[in-house]
Amino acid sequence: MAIIAGAGIVVKLVLLLLLTFSVVSWAIILFKFFQVQRAKSESERFMDFFWKSKRFDAIAAQVDRFTNSPLTVLFNEGYGELKKVVDADNTSEGSGFSTDLGGVENVSRALRRATNSEITRLEKYLTFLATTGSTSPFIGLFGTVWGIMTAFEGIGKTGSASLAVVAPGIAEALIATAIGLVAAIPAVMAYNHFQHKIRVLINEMDSFSTEFLNIVQRNIAGK
Amino acid sequence: MSSHSVARGTGLSVSFIASAIIHLAVFLLVAWYGKLFPMDSPVQETYYVDVVNLPVASPQEGTALQSGSQTEQAAVLPPPPPAPSPMPLPLPLPKAAIPAKKPASKTSTDSVGNDSTLAERMAQLQRNQEARQEEAVLDRLRAKVKSAGIGRVGMPNAHGSQAGSDYTAYLQSRLKDAFRETISFSSKNPEMIVRLFIDSDGKLMRRVTERSSGDKAFELSVQRAIDIASEKFPAPPDKRTFESIFVFKPQGISQTRSK
């Protein structure tokens, strides 16, 4: 603690900035951890429920149980678009599902849009983790360089280069690099981890979109 | 805004609070660890054993060694080396000793008697010369021992009849070791004279700067050296308060006088 108290004002500011980066990045790490965990577990439960159900309207009635799953968003968007297509067909022709591919295309676009929106939501704040991971060591290095400059200035004033004079200044300066690394390392690790998890969820969303479209097309073609 | 997005925003705030708590906990943990295991603990404690001026707990009656008696001289002065075998010196012989030229008809008995007399005189001269040289060497050594012994041997407040250590020299040794680590100066010939007051337990009570050349860096290094050295001061041998003046220079530390 004394080593931080003895540091110069610039080094202290650098340490404060790095501390802020660390607090924010850990907040994002915690938030993303629970978000991705919930999304994964509720997606698995939703897929079980989806394949067990016979009707879309039955699924739509129960979809509030899986609010954290991105697949429910996709289902809601696809089902909503499907209902609109059906309602439009009913209004125009007064008879069941349309057999042309225009309705399926609409549903496909709706699913694609929902997928993009969910990817954006899942990747939100990850940029900050990447920024923290890449810039914190440099910010810490800046603090170290500044601290060593100050230490050498002091050495020049005292006229002595003994270890007792040189070492405290360098130790005070190096704390900035240490804190920079402490902030950066978890951020980089978490960024890579969440990127992998989110890629898995994106694959699940793509698979679900394909399955949903297949079901819709089979039903429309079967009419 | 849907209830879903509100829940997500709340989650982020909770995460921020949790993160701040984690950082605070880590900070406290580090502070506690620092107190529990101080950073300077791995540094090995330096033990000073000054076999020459080793302090003693209680002064004892002085031995003849400190009193400057003949025993001291005998102990200090090594025995003279054995005299080398007498070598004939090329000294001019007295006229009387020079045998007069005798006619060649002199007997061989007279010649042998003159030779033995000459050898005896030569040996006598050799002994006298050696005795004078030895006396001169002894005189020089006596003078040296006498001058070196003044004010150096004995404990503080001792009067020459007490044996013990030179506590001031011991402190000086400690200060010198500490000063070697802390020395720094910015002027050409810095100097600082400090009077130290040490209580009966060896604790530094007070320090008074008697004189300083005005070099701030040097003054700081001296103060630091005193701080470091005073952590390890032993109690004065006679359990009395002790006071001494030390002169700090870049070349080293000297003492002026002690009470």
Side-chain angles (χ1 to χ4, degrees), chain A residues 1-5 15-16 18-39 63-64 66-70 72-73 76 117-118 121-122 124-125 128 154-168 171 175 178-179 182-183 186-187 190, chain B residues 2-40 43 177-190 213 215-225 227-229 250:
Chain A
M1 296 306 117
I3 209 165
I4 295 172
L15 291 177
L16 191 66
L18 290 172
L19 182 69
T20 311
F21 270 40
S22 182
V23 170
V24 174
S25 62
W26 271 99
I28 291 169
I29 288 167
L30 292 173
F31 174 69
K32 281 286 157 191
F33 177 78
F34 290 113
Q35 186 190 38
V36 169
Q37 279 297 113
R38 278 199 300 261
V63 85
D64 286 344
F66 315 101
T67 49
N68 289 304
S69 169
T72 58
V73 178
N76 278 337
S117 126
E118 280 304 292
R121 183 179 71 87
L122 289 170
K124 197 176 178 183
Y125 306 127
F128 188 87
I155 292 162
K157 278 180 184 168
T158 55
S160 173
S162 67
L163 199 62
V165 176
V166 177
I175 193 81
I179 301 288
V182 165
Chain B
S2 67
S3 61
H4 199 148
S5 59
V6 170
R8 284 169 188 167
T10 311
L12 192 58
S13 326
V14 170
S15 299
F16 264 107
I17 293 164
S19 174
I21 290 168
I22 287 169
H23 279 77
L24 189 66
V26 169
F27 180 82
L28 292 174
L29 194 68
V30 169
W32 173 76
Y33 187 81
K35 276 187 182 176
L36 199 64
F37 304 103
M39 295 287 276
D40 56 350
V43 177
D177 285 350
F179 192 49
R180 198 180 298 138
E181 292 174 14
T182 64
I183 183 166
S184 68
F185 51 91
S186 55
S187 60
K188 200 170 182 182
N189 290 313
S213 63
D215 186 337
K216 289 288 174 196
F218 190 71
E219 283 176 12
L220 278 175
S221 69
V222 169
Q223 298 294 353
R224 280 193 63 201
D227 287 339
I228 293 168

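Naming convention: chains lettered A, B, ... in sequence-line order (proteins, then strands); numbering from 1 in each chain.
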| Check against salt bridge (Lys or Arg N to Asp or Glu O under 4.0 Å), B:Arg180 and B:Asp177 | CA-CA 5 Å; B:Arg180 198 180 298 138; B:Asp177 285 350; 3.4 Å; yes
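Proximity to chain B (any heavy atom under 4.5 Å) is shown, for A:Ser22, by both the backbone and the side chain. At a 4.5 Å heavy-atom cutoff, the contact between B:Ile22 and chain A is made by side-chain atoms alone. Within the 4.5 angstrom heavy-atom criterion, only side-chain atoms of A:Tyr125, from C-beta onward, approach chain B.
Across A:Ile28, A:Ile29, A:Val23, the residue that shares the most heavy-atom pairs under 4.5 angstrom with chain B is A:Val23.
Residues passing the side chain to side chain donor-acceptor pair (under 3.5 Å) test with B:Gln223 are B:Arg207, sequence neighbours excluded.
Under the ring-ring contact (aromatic ring centres under 6.0 Å, His included) test applied with A:Phe128, the options A:Phe31, A:Phe21, A:Trp26 reduce to a single match, A:Phe21.
B:Thr182 places no side-chain N or O within donor-acceptor distance of the main-chain N or O of B:Arg224, the cut-off being under 3.5 Å.
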